[in-house]
Amino acid sequence: MILQKLCLLGLFSPVAVRSLLTPPNALNLEITTNITHEIPSTLYGYMWEDINHSGDGGLYAELLQNRAFQGVIPGTQNALNAWQAHNGARLSVTSKTEGVSSALPNSLQVQIPKVVFGPVGFENTGYWGLKVQEGWTYNGSFYVKSDTYTGSITVSLKSSRGTVFASQTLTGVSNAWVKLTFQLTPTVSAANDDNVFSVILDGGAAAGQTLYFGMFSLFPPTFKGRENGMRIDLAEAMAATNPTVWRFPGGNNLEGLSFDTRWKWNETIGPLENRPGRVGDWSYPNTDGLGLLEYLNWAEDLGAEPILGVWSGISTANYSDLADWPIVPEADLQPYVEDVLNEIEFIVGNKSTKWGKVRASLGREEPYSLRFIEVGNEDQFQEDSYAAYRWSAFVNAISAEYPEMEFLATSFPSLALNPPYKRIDFHQYDSASFFETNAFFFDTYPRNGTKWFVGEYAVTSTNESNPLGLITQGRLQYPSLAGSTAEAAFMTGMERNSDVVFASAYAPSLQHIRNYQWTPDIISFDASRMVRSTSYYVQQMFSSNRGTHVLTTNPPSDSTSVPLYWVASYNNETEVVFLKVSNTGTDDLVGNIVLDFSTPGFATAISLGTPALSPISELFNISNTIDEPDQVIPVASSFSFQDPTRFNYTFPATSITVLAMQSLNFNNSG
Ligand code: AHR
């Protein structure tokens, strides 16, 4: 759906001019103690939106899909998505009876035939399966009412073939909504994900009866034990990349397919029963169980600074015609500006303010810290109205109340905005050669005070002539090693120029392998498994080995003929010097490394790669996949050398390496 707009991207251009300074397969490389600039703490992080079931069915640990029948049309078969009858019960989604709350008008009507033999009820199949883990306690709940049925209800986790792993029998059904809660603790793990959450009625008593159910929930243990929290393995994997920025809630999913279905912050807070959910941009309903507070708490858990995307008066209704996207006319924009002011007050206002008080009432008295506001998403596609009034309306109003806020524009960098933008988020999805070629793009970027967030980027395709088509020949299913080395080459450029690039994020983040809209993604998963891609490991290697300052090297990275790309940095707290290197070629390359400081005579290396294959096109086929997750994983080693100021290191073909050297006498010469 995004094909046409992405085809318009093309900001970067080839700027690398490489001269022959060294023999083709060896490089003399001096790491100096000359500091060029400080590296911003925000350099590496995540861009987040609910796409590919990254949130619902992914990071958000809720196990039951379509738990509250949000964003569906009552009476249709689709409304029953993920629900199935057991033994002849008749299911339909209805809004004819009052729902569990005004936000959740739909409920599940369950009609039991007059004649039933054996247990009768219904099941939820989860997000393409359910993980059943021995010893985990699953916390569950649902609402139920019936004018006539007062019998018991047995809930269980069981395999689709009927093996019961845990169950509990509940009572208390009456003619008014009642919330029943339960805990299920399996004593044995299921062999696979082919399991269901089952709700069974007392067959004899239920015959001929009608019951209504609403707002189900079933949570396994969560990351840091947070209620309504995150799936542990995915959360741990994301946290392990040491991200320091968190841009949310989109992406296109911020924008909505219509004004009314935009991401509305105030409908994502408070009790889950008060969250109506919405039809997201990526073809599935969003529960909004992961709401504004959950995102802010998660960013705090990660130690990541939030970049808050705010709706800028545009929706992505019609992907086949960008010019046809609905835009709020200037005269009608003010209510949306005020809505954003309220959102910011909710986040940063003290508890005596109207919205700060609401936040406090939801359990968070202390304001969150927020510095960055991103106005819209990819507004280069509708830049006339952005330049004419949308950007200024939001920036002027917000800075009048919050002068400390810093704003990110999302237009083409060349577009003149008033007030002028100082930070910009620009995105790039392209081929490996594109990223390799543009590894030096920022080296010559004018130092005019503008700071960049490379807020979405990835090698998406092997197809040079059409690298951006979503489902076209050459589109990568998973990140590939060849693509990841190219991304790493580009990242050396971002880090080397981090006086200009203040933040970056590979995108998208997560992908449910059974239902997705975009490839490739940094982490893929199903109901129980997860795979860290080669691009994941690159992000982790760069982000976890951070210097505080960039160092110059001789020669500079853009002056050799060999396909090596590098950046050197110094961490002034640990006194460690890092050299990050991507070898995008098919030959091993030897570096004769000379240091302008002394070391204890050893260094450590983390390397991601695999023996070179020929032909080069095969390199695109090397990926970590859900079935083969560990094809390429980082390998750590250490090595010693006699002269504490020099050593040789072989950078393997098609690999990424981070060398770390303890400096003993670092003396800034810059
Ligand atoms: O990352 C997927 C999509 O790509 C984002 O929603 C959008 O910002 C970009 O076009």
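This is a predicted model, so every value here is computed, not measured. Just follow the structure's listing: the first ligand is 1, and inside any ligand the first atom is 1.
- Listed by atom number, the atoms of ligand 1 under 4.0 Å from Tyr429 heavy atoms are 1 (O), 2 (C), 4 (O).
- Below 4.0 Å from some heavy atom of Glu49 lie the following atoms of ligand 1, by number and element: 1 (O), 2 (C), 3 (C), 5 (C), 6 (O).
- When only modelled atom types and interatomic distance are considered, Ser524 and Gln511 share a side-chain donor-acceptor pair under 3.5 Å.
- Set against the non-hydrogen atoms of Glu378, the atoms of ligand 1 under 4.0 Å away are 7 (C), 8 (O), 9 (C), 10 (O).
- A donor atom on one side chain and an acceptor atom on the other are found under 3.5 Å apart for Ser535 and Ser484.
- Side chain of Tyr386 to backbone of Gly376: no donor-acceptor contact under 3.5 angstrom is found.
- Contacts between Trp282 and ligand 1, counted as non-hydrogen atom pairs separated by less than 4.0 Å, involve the side chain only.
- For a threshold of 3.5 Å applied to N or O pairs, the pair formed by Glu456 and ligand 1 contains at least one separation below that value.
- A cation-pi contact links Arg423 to Phe502, judged by a cut-off of 6.0 Å to the six-membered ring centre and 45° from its axis.
- Close N/O approach between Asn252 and ligand 1 is found [any backbone or side-chain N/O within under 3.5 Å].
- Checked options Trp265, Tyr295, Trp48, Phe372; the residue passing with Phe248 is Tyr295 (criterion: ring pair (Phe, Tyr, Trp, His ring centres under 6.0 Å)).
- If you look at Asn377 next to ligand 1, the close heavy atoms, those under 4.0 Å, all belong to the side chain.
- The closest approach between Pro508 and ligand 1 falls below 4.0 Å for a heavy atom of the residue.
- With no hydrogens or angles considered, no side-chain donor-acceptor pair links Arg275 and Asn266 at under 3.5 Å.
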